[in-house]
2 protein chains.
Amino acid sequence: MRQPAGRSARRSGGERKPREERWAELIEVATQVFYEKGYDGASLQDIADRLGMLKGSLYYYIQSKEDLLFDVISAVHKQGLEVVRGRADVPGGPLDKLESVIVGHVEHTCRNLVPTAVFLHELSALPVERREEILGSEHAYQGVFRDLVEQGQAAGQVRADLDPRLAALSILGSTNWVYRWFRPGGTFTPEQIGAEMAEMAIRGIATEDVLKARTA
Amino acid sequence: MRQPAGRSARRSGGERKPREERWAELIEVATQVFYEKGYDGASLQDIADRLGMLKGSLYYYIQSKEDLLFDVISAVHKQGLEVVRGRADVPGGPLDKLESVIVGHVEHTCRNLVPTAVFLHELSALPVERREEILGSEHAYQGVFRDLVEQGQAAGQVRADLDPRLAALSILGSTNWVYRWFRPGGTFTPEQIGAEMAEMAIRGIATEDVLKARTA
DNA sequence: CGTTGTACCTACCAAACGGTAGAGTGGGAG
DNA sequence: CTCCCACTCTACCGTTTGGTAGGTACAACG
C-alpha cells in the first residue's frame with residue numbers, strides 16, 4: 001500500500017488548525033503511539049493516521065522521527081525534574097525533604113503516566129549525545145536523591161554505613177517502577193502510593209533514633 | 001544490497017556445528033542483539049551476520065523472529081523464578097525468607113544482566129497471550145514477594161497497616177531497577193548490592209519490635 | 001557406491017519503512 | 001479582487017524488513 005488514498009479529497013469541513021495547536025496534538029499523539037508500540041515499532045504512518053493527516057505532511061512540523069521522540073522525552077523529563085527540585089527546597093530536615101521529593105516524584109509519574117513510560121522505556125532509542133543532553137551528564141535526577149541521602153547522613157538521620165548512591169538507586173527504582181503497574185482508577189490514588197513509598201524508603205535508610213522519634 | 005554475497009563460497013574450513021550447539025549460539029547472539037538494539041530495532045540480518053550465516057538460514061532453526069524473543073525471555077524468567085522460589089523455602093521466619101529471596105533475585109539479575117534486561121525491557125513486544133504464558137496469569141514473581149509480606153504481617157513482623165501488594169511492588173521495583181545501572185566490575189559486587197537492598201527493604205516494612213531485635 | 005538427511009546458501013517476494021519534492025488549496029490581509 | 005503563505009496532499013525514492021522456495025555441499029550409513 002503506497003498511501004491509503006481512501007480519505008482523500010480533503011478532510012471534509014476543512015477545519016484548519018493553527019500551528020501551535022497542531023504541534024501540541026502531534027506531540028500528544030506521538031507520545032501515545034510510542035507508548036503503545038515502542039519507538040521502533042511505531043511508524044510515522046500510525047501517527048499521521050491518528051492525526052487525520054498523510055505521512056508526508058508530518059515533515060512540515062518535524063525534521064525527523066527522532067526529533068519527535070526527543071521532544072516527547074525531554075519535555076516530561078524537564079517537568080519531572082522541576083517538580084523534584086522544587087520539592088527538595090521545601091522547609092525542614094533532609095528526611096522531610098526526601099519525603100516530599102518522593103511523594104512529588106510518584107505523583108508526577110502517576111499523573112503523567114504515558115509520557116513518563118515513554119521516557120523511561122524509549123530513552124535508550126536515542127543516540128547517546130541526545131540522551132545525555134536530556135539527562136545532564138551527571139544524572140540530575142539521581143543526584144537530587146543522593147544529595148538528600150548524604151545530607152541525612154551528615155545530620156545523623158540516615159545510617160552512616162549506607163552507600164548514598166546505592167540508597168538513591170534503590171529509592172529511584174521503587175518509585176520509577178510505578179509506571180509499570182499503576183493504572184488510574186485502581187485501588188490507590190497517586191497520593192497514597194507516594195506516601196506509602198516514602199514511608200518505606202525513609203524507614204529503610206533512617207537511623208534508630210529517627211525511627212523512635214517518628215513513631216512517637 | 002540484496003545479500004552481502006561477500007562471504008559466500010561456503011564459510012571456509014567449513015566447520016559444521018551440530019544442531020544443539022548452534023541453537024545455543026543463536027539464542028546467545030539473539031539475546032545480545034536484542035539487548036543492544038531492542039526487539040523491534042534488531043533485524044534478523046544483524047543476528048545472522050554475527051553468526052556468520054545468511055538471514056534465510058536462520059529459518060532452519062526458527063519459525064519466526066518472535067519465537068526467538070519468546071525463547072530468550074521465557075528461559076531467563078523461568079530460571080529467575082526457580083531461584084526466587086527456592087530461596088523462599090529457606091528455613092527461618094518470613095523476614096529471613098524475604099531477605100534470602102531479595103538477595104537471590106538481585107544476584108541472579110546481576111549475573112544474567114543481558115537476558116534479564118531483554119526480559120524486563122522487551123516483554124511488551126510479545127503479544128499478550130505469549131506474555132501471559134510466561135508470567136503466569138497471576139504474576140508468579142510478584143506473588144512470591146507478596147506472600148512473604150503477608151506471612152510477615154501474620155507473624156507480627158511486618159507493619160499491619162501496609163498493603164502487601166504495594167510493599168511487594170516497591171521491593172520488586174528497587175531490585176528490578178538494578179538491571180539499569182549495574183555493570184560488572186563496578187564498585188559493588190552482586191552480593192553486596194543484594195545484601196544492602198534486602199536490608200533497606202526489610203527495615204522499610206518491619207515493625208518496631210523486629211527492628212529493635214535486629215539491631216541488638 | 002548410492003542414498004539420506006543435516007546444515008546452510010541462492011535468489012527472490014511483497015510490504016513497509018523514513019524521508020523528499022513539488023503541486024495544490026483555502027483563508028486572511030492588503 | 002488579488003496575492004500570499006500556512007498547511008496539506010500527491011507521488012515518489014531507495015532501503016530494509018520478515019519470510020519463502022528450492023537448491024547444494026558434505027558426512028554418515030548401509
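Quick note on labels: first sequence line is chain A, next is B, and so on, each numbered from 1.
- Along DNA chain C, the nucleotide nearest S57(B) and the nucleotide nearest L44(A) are compared for position; the residue whose nucleotide lies closer to the 5' end is S57(B).
- One interatomic measurement links the two molecules: CD1 of I62(A) to P of dC7(D), which rounds to 15 Å at whole-angstrom precision.
- Side-chain proximity of M53(A) to the nucleotides dG18(D), dT8(D), dC17(C) is greatest for dT8(D).
- Looking at V158(B) and L98(B), their side chains never come closer than 4.5 Å, going by heavy atoms from C-beta outward.
- Atom CG in D40(B) sits roughly 11 Å away from atom P in dC17(C) (whole-Å rounding).
- Checked by atom type, the side-chain pair E28(B)/Q32(B) shows no donor-acceptor distance below 3.5 Å.
- Here the side chains of H121(A) and Y35(A) are not in contact, with every heavy-atom distance at 4.5 Å or above.
- Between dT8(D) and R22(A), a contact under 4.0 Å exists linking OP1 or OP2 to a side-chain N or O.
- Nearest nucleotide to the L54(B) side chain, out of dC9(C), dG19(C), dT10(D): dC9(C).
- The CH2 atom of W23(B) sits 16 Å away from the P atom of dT6(C) (whole-angstrom rounding).
- With salt bridges taken as basic N to acidic carboxylate O contacts below 4.0 Å, one links D67(A) and R130(A).
- Between the NZ atom of K55(A) and the P atom of dC13(D) there is a distance of 13 Å, given to the nearest Å.
- Rounded to whole Å, the distance from CG on L58(B) to C1' on dC9(C) is 12 Å.
- A donor and an acceptor atom, one from each side chain of T189(B) and E191(B), are located under 3.5 Å apart.
- Atom-to-atom, CD of E66(B) to C1' of dG19(D) comes out at 14 Å; the value is rounded to the nearest Å.
- In this structure, of dT20(D), dT17(D), dT8(D), it is dT20(D) that holds the atom nearest to the side chain of Y59(B).
- The CG-C1' distance, from D49(A) to dC17(C), rounds to 14 Å in whole Å.
- Nucleic acid contact for A48(A): none, since no nucleic acid atom lies under 4.0 Å from a heavy atom of the residue.
- For E21(A) and dA6(D), the CD to C1' distance is 15 Å, given to the nearest whole Å.
- Taking side-chain N and O atoms only, Y60(B) has a distance below 4.0 Å to OP1 or OP2 of dA7(C).
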